[in-house]
Every structure is written in C-alpha cells, then in structure tokens.
Amino acid sequence: MGHKEIWQNVLTFLERDLSKGVIATFFGAAELADLDNGQALILCPNRLALEQLRTRYRSQLAEAFRAVGGGECQFSFEIKPLENHRAPDLGPIFRNTPNSGLAPAYNFESFVIGLSNQLAASVAQAVTEQPGALHNPLFIYSGVGLGKTHLLHAVGNSVLEKAPNSRIIYASAERFTTEFIRSIQSQQTAASFRRKFRGVDVLLIDDVQFFASRTASQEEFFNTFNELFLAGKQVVLAADRHPAEFKNIEQRLVSRFAGGMITDIQEPDLDMRLQILRRKAAAQQAEVSEGVLLALAQQLEGSIRQLEGALHQLLAIARAQQTAPTEELLNTVIKTAPPAKPFVTPSDIIGEVCQAYRITAEQLCSSQRSREIVLPRQVAAHLLRQISKASLNQIGELLGGKDHSTILYGLGKIEKQLAADEILKNQVESIRGEILGKNR
Ligand code: ADP
Ligand code: MG
C-alpha cells in the first residue's frame, strides 16, 4: 500500500465515528508524507488542524492506523511547506476539463436500486432523459450515507453520456459559497462566476443545508436558480432534510424547491444491503463468501457508507495479514466498529461540553450569565436536543432547573450563530464527534 492509499483507508475508518465536518476540516487536507518503522509523518494544512490532530484526535488516529494494517505508530506532525500547498480544488467540475470532478464511478450502473431508493432513482433517471422538462427542480433528501451524492453524480454522468457537450456543474453548497465569496473580490471574477454557474445545462447542488442564513451567497444562489429555471435548465438538489425543515434558508427559496419534485431515500433493508455488498466486493475483485457478506449485512444497519467502510476495512486487514476475509476476521472488524446506534447519556454530553470549554458542570448549570458560560450552556442545550432528543423541559432540568422558554430562546440563538459562524460550527462538530466517539 502506498502512503496515499493508507491515508485514504485511515479516513474511511475514521468516518465510522467522526463526523464528516470534523474529517473534512482537520483530516481532509492533511497527508501521510512518510511511514517508516512505525514512524508516521503527517503534513497538516495549517496550525489549527495540526493542533487538533496532535492532541484531540491522536488516539483515534493511532487506532485507525492499527485498523488499516499500519501497525503501532509514533506520530509527528508538520505544517505543509508552502510549495506543497496545491491550490485547493475549488473550481466547479466540468468533466471535459482535466480537472474532472464528476466521479465516473458514481453512475447509475453502480447504484443498487431497492425499495428504499427506487422512487429517487427513477425520478433521477427520468431527469436525464429530458433535463429541465419533467421534474424541475428535483430535490432529494435523506440521512447521511444513503446515496444522495452518488445519485447527483449519476445524473451528471448520464446526461454527459447522452449529450457529451452538455455543460454540467456539480458543487456542494459550501463550495458554491466559497467560490462566490472569492469571486466578489473583483468585478471580473464576479462576472466569470456568474457566467459559469448561470451558463450550465444541469446544475447539481449537494448538501443544500449548508447555505448559511441571510447571506449574499444564498441570495446569489437564489438568482442563479431563477435564471436557470426560467431558461428551462435542470437543477438537482440534495440535502439532509425536507425543505420544510430548513431553518436557515429563506422561504422564497424553499418554495422554489417545493415547486418541482421532492423525493427521499430511506435506509436500505437487509436484502438491499446484501446486494450492495456483493456489488462492492465484485468491484474490488475481492472474493468474499456469501456467509461473510450476509453476516456483515445483518450487523450493520443504516448508512451505506458505513457498510462500505466495514467491507473496505475487512479487505484491507485481510490483505495486510495475507489471509482470506473470513467470518472470524469479520468478527474482529465488527468488534472494533461502533454499534449502529451509540448510547449516549445526557451527562456524557454535558461532561464533554464542559471539558471542551474548560468549565465545571456546576458553572454550566448555574445561573451565571457571562459569555464564557452562556455559550457552552447553549451548545450543551443544542447537543442535548440533537443527540438525546431531549424535550425543552428535560433540557431545562438537566441544565440546572431552567425554564423551557429560556431553553427555547437559547436554542434559537445558538442555531443562528452556528449558521453564521463557521469556526463555532466546527467546534461544535468536533465536540459532537468526541461525544459519539467515546460511547462505542
Ligand atoms: P450521501 O450523499 O447520502 O451521504 P453518498 O452518496 O455519499 O451518501 O453514499 C455513500 C456511499 O455509499 C458512497 O460510496 C456510495 O457510492 C454508496 N452508495 C449509496 N447508495 C448506494 C446504492 N444504492 N448502491 C451502491 N452504492 C451506494
Ligand atoms: Mg453526500
């Protein structure tokens, strides 16, 4: 295995218990520069990522290296030297440029269709027959790892196959935003941004929930959308929730989304999980017995990404140990995997928030109103709500007997801040990762 491949396997392993946000923020742009005699050198894109990897995520990193067959490692961390800093790949992705971003592997042929996704898949396919004509916009939503991104790429790839000159852009809302913000530095770049996004035949926007509230980029997206829509161009959107549940997206944009076709993807049933595993094993030319695939499909429910990750890990370990991927080996893999639904108690959440902000639980639950205490308290309320699904009254109780209206007010505030403040969002994501990672 080359360094790249090892690092990729490490990231796949980490996906099992760290959030996508944490991985993208701290691990994504890092690389494994050297691995020799158990000495691993990791190059980080910046100081923040370096500090996080060195302290907060070190044990997880070590575990991941062991799991992918890298053995027991000592880590050293450095910031990437500047000449190594490749310009971040922020350009939208035209397939007919060398910088092709439509992943060719994400196509309809490799997309297994079952009960849970058949509507979404058939509507997506219909879109490729006559882009702009039938379901416009098409809006696909689901929990993580269930195939939205795969479907968006499949639409793009399939349209290109039918009409190779089509102009297609796949971009996440985050990427649209970053690019937009860069573009407004000069009139020229602003104009070229517009030309690019408004000149497409098919626009594929992923993770729409990441548009931040009341920002110029959301406004820009609204205008882009309208122009494309009026010109009869196809727009396909994906998000982690139904448009009606967006809090940070303007009503007028939400009603545009609802004007086309909205469809969801559910979690796959056992049969479909098994079929997916067969496909993925075959794609890797790996021979895995039906019994092993079944055992894997039975034990991991929910996210297809997780399922895929476990298979990957099994194959990586088998390769490293030069043995067959047997059921015995699978059991060791699954033992290290988190249970499908980790059990987290409210005090785990409160404990982790206190640790992250270096305050005591007493302070958190007191009636102190200073910002150093109020922010952690609101973060705790937010996470109690999200992870434990606690009611307002329960949260009030847990946080020292506060009124439910106080909690409601606090939740509103923190959600607004999270939508507007990227750094805070990352902090909260990493606290969440820590909470979920500990309770395996
Ligand atoms: P989402 O965008 O919903 O989080 P992804 O599209 O990234 O999910 O899917 C996660 C992984 O699972 C990808 O590797 C994808 O190829 C795979 N996957 C998801 N759904 C299917 C499916 N129906 N058939 C085959 N692979 C799938
Ligand atoms: Mg996705």
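Counting starts at 1 for both ligands and their atoms, in listed order.
Between F180 and F176, the ring planes are parallel. Angles under 30° get that label, and only those over 60° would be called perpendicular. Ring pair F65/F75 is perpendicular by interplanar angle, where above 60° counts as perpendicular and below 30° as parallel.
With hydrogens left out, the protein atom closest to atom 24 (N) of ligand 1 is V112 N, 2.8 Å, a heavy atom. Atom 27 (C) of ligand 1 has its closest protein heavy atom at I304 CG2, 3.7 Å. Ranking the protein heavy atoms by distance from atom 25 (C) of ligand 1 puts S110 O, 3.3 Å first. In terms of protein heavy atoms, atom 16 (O) of ligand 1 is closest to H150 ND1, 2.7 Å. Nearest non-hydrogen protein atom to atom 7 (O) of ligand 1 is R305 NH2, 2.8 Å.
At a cut-off of 3.5 Å, with distance as the only test, no side-chain donor of Q298 or R273 sits close to an acceptor on the other residue. For R256 and N226, the side-chain atoms include at least one donor-acceptor pair closer than 3.5 Å. Neither side chain, S192 nor K196, offers a donor N or O lying under 3.5 Å from an acceptor on the other.
By heavy-atom distance, the residue among G309, G145, A103 lying nearest atom 1 (P) of ligand 1 is G145. By heavy-atom distance, the residue among Q118, K148, Q306, E308 lying nearest atom 11 (C) of ligand 1 is E308. Selection from G147, A238, A105 by nearest heavy atom to atom 5 (P) of ligand 1 gives G147.
Under a 3.5 Å cut-off, the side chain of N157 and the backbone N or O of H153 do form a donor-acceptor pair. Remark: the backbone N or O of E220 is not paired with any side-chain donor or acceptor of N223 at under 3.5 angstrom.
Ligand-side atoms of ligand 1 in range of N117: 23 (N), range being under 4.0 angstrom from any heavy atom. Heavy-atom proximity to V144, at under 4.0 Å, picks out these atoms of ligand 1: 4 (O).
At most 12 heavy atoms of other shown residues, nucleotides or ligands fall within 6.0 angstrom of atom NE2 in H312.
Heavy-atom distances between K280 and ligand 1 reach below 4.0 Å in at least one pair.
Each of F225, F221, F246 was scored for a ring-ring contact (aromatic ring centres under 6.0 Å, His included) with F211, with one residue passing: F221.
Every residue meeting the ring-ring contact (aromatic ring centres under 6.0 Å, His included) condition with F257, not counting sequence neighbours, appears here in chain and number order: F139.
Here L151 has no heavy atoms under 4.0 Å from ligand 1, in either its backbone or its side chain. Contact annotation for P268 and ligand 1: no heavy atom of the residue comes within less than 4.0 Å of the ligand.
If you look at Y57 and F27, their ring centroids are closer than 6.0 Å.
Here 1 is the count of protein N, O or S atoms positioned under 2.8 Å from the Mg ion (ligand 2), waters not counted.
Of the polar atoms of L146, at least one N or O is found under 3.5 Å from an N or O of ligand 1, judged by distance alone. No N or O atom of M272 sits closer than 3.5 Å to an N or O atom of ligand 1.
Listed here is the closest heavy atom pair of L424 and I414: CD2-CD1, 4.1 Å.
In this structure the side chain of D240 never reaches within 4.5 angstrom of the side chain of D207, judged on heavy atoms.
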